[in-house]
Amino acid sequence: MLSNESVAESVDSVGLYFVNTADESKTVRLAPPQICRNTSSLLEEIVPQLEKETYRIRVATCFTGAAGARKTVREHAFGKSVTVV
């Protein structure tokens with residue numbers, strides 16, 4: 001869950017990323033229209049079909065809550081990994 005940020009659609013690099021921990025070239029990006037629920041306090045997604053690997057989840061956004069959209073992309077990587085079996 002994110003607090004006071006939502007994935008904005010104004011920049012091509014924003015979205016939800018599943019970063020393969022063994023090979024970052026296998027990173028899977030979900031663009032904002034592909035995200036199930038995207039509000040200022042909640043980000044929900046159905047995990048796409050991924051290779052059987054371990055991934056870190058990263059969010060890239062231009063949205064800052066009450067301040068609205070920013071011109072620069074801000075990224076947040078979650079501390080835990082997800083393993084697809």
Side-chain angles (χ1 to χ4, degrees):
M1 185 181 320
L2 301 175
S3 60
N4 295 327
E5 64 182 65
S6 174
V7 178
E9 296 184 44
S10 60
V11 178
D12 289 339
S13 64
V14 300
L16 180 65
Y17 291 83
F18 292 87
V19 181
N20 186 307
T21 58
D23 182 357
E24 288 193 12
S25 71
K26 295 181 180 178
T27 295
V28 175
R29 174 183 175 256
L30 298 177
Q34 297 172 291
I35 298 171
C36 295
R37 183 181 282 174
N38 177 17
T39 69
S40 61
S41 62
L42 180 67
L43 185 62
E44 286 184 348
E45 179 52 53
I46 296 172
V47 177
Q49 187 167 350
L50 300 168
E51 293 182 23
K52 293 181 180 180
E53 299 276 352
T54 300
Y55 298 85
R56 286 179 291 112
I57 297 175
R58 186 177 77 214
V59 174
T61 184
C62 289
F63 191 76
T64 61
R70 301 167 50 127
K71 292 182 180 180
T72 58
V73 175
R74 179 172 67 167
E75 294 187 0
H76 177 77
F78 294 87
K80 296 185 180 184
S81 298
V82 175
T83 301
V84 177
V85 291

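As the structure is a computational prediction, the values presented were derived from the model and not from experiment. Side-chain atoms are counted along with the backbone in the values below, which use heavy atoms only and exclude waters and symmetry mates.
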Exercise. What about Tyr17 and Val47, same hydrophobic cluster or not, with Ile/Leu/Val/Met/Phe/Trp/Tyr joined at side-chain heavy-atom distances under 4.5 Å?
Worked result: no
Seminar exercise, completed: Leu30 and Pro48 have their tightest heavy-atom pair at CD1-CD, 4.1 Å
Exercise. What distance separates Asn20 CG from Ser25 OG, expressed to the nearest 0.5 Å?
Worked result: 7.5 Å
Exercise. Would Thr21 and Thr54 count as having a side-chain donor-acceptor pair, cut-off 3.5 Å?
Worked result: no
For this session: Please list, chain by chain and in numerical order, all residues satisfying side-chain contact (heavy atoms from CB on, under 4.5 Å) with Glu24, sequence neighbours excluded.
Result: Val19, Thr27, Arg56
Exercise. If every non-hydrogen atom of Gly15 is compared with every non-hydrogen atom of Pro32, which pair is closest and at what distance?
Worked result: CA-CD, 4.3 Å
Exercise. Under a 4.5 Å cut-off applied to non-hydrogen side-chain atoms, are Leu16 and Arg29 in contact?
Worked result: no
Exercise. So do Val59 and Phe78 actually touch side chain to side chain, heavy atoms under 4.5 Å?
Worked result: yes
For this session: Search all heavy atoms of Cys36 against all heavy atoms of Glu45 and return the closest pair with its distance.
Result: N-OE1, 3.4 Å
Problem set entry | Glu53 side chain near Lys26 side chain, heavy-atom distance below 4.5 Å | yes
Problem set entry | Path from Val28 to Val82 over hydrophobic side-chain contacts below 4.5 Å | yes
